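Beneath this line is the structure, given in structure tokens, with notes to follow.
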2 protein chains.
Amino acid sequence: MVETAISHTRERPVQSVERTLRILEIMAEWGYPMTLSEISNNLDLKNSTTHRLLKTLIMKSFAQQDPSSGKYLLGIKTFSIGNTALYALDIRSVARPYLKQLETRYKETANLAILDQGDVIYIDQVESERMVKMSANLGGRAPSHSNAVGKVLLAGLTESELERYFKGRKFERYTSNTITSHEALRMELEKVSQLGYGLDAEETEEGIRCVASAIYNHLGKATAAIGISGPGNRISMSYLKGELATAEKKQLMTFL
Amino acid sequence: MVETAISHTRERPVQSVERTLRILEIMAEWGYPMTLSEISNNLDLKNSTTHRLLKTLIMKSFAQQDPSSGKYLLGIKTFSIGNTALYALDIRSVARPYLKQLETRYKETANLAILDQGDVIYIDQVESERMVKMSANLGGRAPSHSNAVGKVLLAGLTESELERYFKGRKFERYTSNTITSHEALRMELEKVSQLGYGLDAEETEEGIRCVASAIYNHLGKATAAIGISGPGNRISMSYLKGELATAEKKQLMTFL
DNA sequence: GAAAGATATTTCATAATATGGAATAATAAT
DNA sequence: ATTATTATTCCATATTATGAAATATCTTTC
């Protein structure tokens with residue numbers, strides 16, 4: 001074989017593997033069953049090669065062949081593995097496309113937060129492009145009792161974790177709507193659990209509203225939350241509880 | 001190379017590919033980052049081989065390396081591909097493990113249904129092992145207006161689809177709880193959308209209760225629904241709306 | 001803070017393995 | 001029925017993946 005002069009040995013993938021991964025990619029891209037030649041042609045592979053690689057994929061359930069049409073499609077294994085990946089991955093890289101989608105659709109800032117020692121920490125955010133918008137301080141802390149993501153994350157704690165959270169904690173008042181008593185917050189969290197989403201009805205800042213839903217890990221534990229927030233004049237309470245809350249939940253269900 | 005006498009040529013996978021897929025599998029199995037040697041040892045591969053295969057996986061984002069620890073983990077691509085696979089796959093093969101989990105945890109029959117021409121069709125089911133249990137007729141039709149999965153699926157229809165559904169339809173009464181008027185059903189569906197789950201409070205059969213949640217496809221359309229049902233003496237209304245509804249929603253969020 | 005130990009990465013000669021052309025089989029189209 | 005198209009299998013060949021060893025990098029341990 002004639003080597004190119006500047007033979008960068010670096011970055012030489014294993015051919016058969018690289019081709020196999022490309023097969024998986026194109027099957028995902030198409031989204032519906034493909035014939036052997038469709039795959040071969042698209043990837044510039046010989047039919048015999050593609051066929052052999054596909055057979056290997058099928059053996060390991062990474063692909064399957066539709067019995068009636070003979071076409072090839074992704075296998076169940078890709079799903080179960082990808083699903084596991086979700087929880088090993090940095091939650092940000094996974095959540096980002098969905099934050100973006102929420103922002104695009106509702107033109108309001110979408111953000112991602114986790115709980116740390118009872119406080120909310122914003123770990124990612126896609127800001128609305130409007131002039132007036134909500135904007136959290138990335139990496140910054142915020143009290144949980146007055147905001148939507150916080151409530152959702154608190155609602156996901158176990159009873160003993162909650163007790164530790166409440167123990168000796170005083171809830172500062174930011175607006176006339178802020179929940180400041182232990183009992184009221186307990187009840188609020190109960191409601192959040194029931195509804196599946198949390199609200200911030202101008203409880204942190206006058207004129208700012210927010211809905212949030214939890215992201216659960218494979219053990220059913222709420223590990224992060226996604227919120228959409230914006231000014232009250234654009235977001236009525238009914239819009240918040242109806243349209244936005246539903247969209248957010250669906251978004252999470254669809255993707256996570 | 002010495003061939004075994006009975007050289008079944010059939011079923012000979014592409015070695016490098018087969019090994020690569022095993023790498024993906026074991027990373028998924030462990031669920032957290034692995035060192036090179038952990039992978040090698042577990043799969044009986046030489047470090048150099050594993051390393052080369054991993055590099056190929058990384059190039060294509062099927063794996064990634066944690067910058068701080070140097071450990072390897074699944075890449076974002078596995079997630080996005082697996083996610084796509086979900087909708088190309090038969091919904092049953094995907095939903096089955098979760099039906100089973102629901103049954104195991106709550107000891108009640110879990111089932112999977114789709115909508116066809118306004119009727120519910122049960123396409124899969126994991127029956128409770130108790131003596132008294134709910135059991136749907138697999139493949140069988142049931143009217144949508146009186147049961148939980150039906151309501152959830154109806155709630156996922158577009159307005160025009162809904163109008164076609166309602167048009168000239170009469171709702172038969174099965175129990176004293178059955179919703180029989182168009183207006184009442186409309187309101188009920190509205191409620192289902194809000195809550196994210198549907199109920200059957202002895203509306204099909206006296207003494208049988210059920211909760212259901214929708215499974216959404218990548219377009220956010222409800223394509224199937226999962227329900228848990230059982231006798232009313234084991235399932236109180238508050239248990240149904242609280243525990244069961246929440247568990248089901250989480251289950252779906254976690255997995256789909 | 002040095003030295004040893006472990007682990008990761010790169011290199012390279014070798015042969016085992018993946019490859020693609022061709023032959024055959026199975027489907028689809030005419 | 002005949003042809004055309006597509007899928008699958010076979011097999012000789014050399015390209016490509018392999019593993020031993022060398023090097024580099026990161027951890028311990030003393």
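Within every chain, numbering begins at 1; the chains are lettered A, B, ... in the order of the sequence lines, protein sequences first and strands thereafter. The structure presented is a predicted model; accordingly, all values stated were derived computationally and were not measured.
Looking at every heavy atom in both residues, A:Gly150 comes nearest to A:Val120 through CA-CG2, 3.2 Å. Smallest separation of non-hydrogen atoms from A:Leu189 and A:Lys151: CD2-O, 3.4 Å. Minimum heavy-atom separation, B:Ala148 to B:Ala212: C-CB, 3.5 Å.
No option in A:Asn137, A:Ile114, A:Leu115 other than A:Ile114 meets the side-chain contact (heavy atoms from CB on, under 4.5 Å) test with A:Ile121.
Note: CD1 (B:Ile58) to P (C:dA8) measures 12 Å, nearest angstrom. Rounded to whole angstrom, the span from the NZ atom of B:Lys71 across to the P atom of C:dA8 amounts to 9 Å. In this structure, the CG atom of A:Leu54 is 15 Å from the C1' atom of C:dA18, given to the nearest Å. The nearest whole Å value for the distance from the CD atom in B:Glu18 to the P atom in D:dA17 is 16 Å. Atom CG of B:Asp66 and atom P of C:dA8 are 13 Å apart (whole Å).
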Kindly list each side-chain donor-acceptor pair under 3.5 angstrom involving residues 32-39 of chain B, sequence neighbours excluded, with atom names and distances?
from    : atom 1 : to      : atom 2 : distance (Å)
B:Thr35 : OG1    : B:Glu38 : N      : 3.1
B:Glu38 : OE1    : B:Thr35 : N      : 2.8

Considering only nitrogen or oxygen atoms on both sides, find all protein atoms under 3.5 Å from nucleotides 18-20 of chain D and state each distance.
from   : atom 1 : to      : atom 2 : distance (Å)
D:dT18 : OP1    : B:Gln15 : OE1    : 3.3
D:dT18 : OP1    : B:Arg19 : NH1    : 3.1
D:dT18 : OP2    : B:Arg52 : NH1    : 3.4
D:dG19 : OP2    : B:Thr49 : OG1    : 2.4
D:dG19 : N7     : B:Ser48 : OG     : 2.9
D:dG19 : N7     : B:Arg52 : NH2    : 3.4
D:dA20 : N6     : B:Ser48 : OG     : 3.3

Polar atom pairs between nucleotides 5-7 of chain D and protein, under 3.5 Å, N or O only, would you list them?
from  : atom 1 : to      : atom 2 : distance (Å)
D:dA7 : OP1    : A:Leu36 : N      : 3.1
D:dA7 : OP2    : A:Ser37 : N      : 3.0
D:dA7 : OP2    : A:Ser37 : OG     : 2.1

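Between A:Val192 and A:Leu154, the closest side-chain pair of non-hydrogen atoms is not below 4.5 Å.
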With salt bridge (Lys or Arg N to Asp or Glu O under 4.0 Å) as the test, would you mind laying out the steps for B:Glu18 and B:Arg22 before giving the verdict? CA-CA 6 Å; B:Glu18 196 266 351; B:Arg22 268 163 55 209; 3.0 Å; yes
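A donor-acceptor pair shorter than 3.5 Å cannot be found between the side chains of A:Thr204 and A:Asn147.
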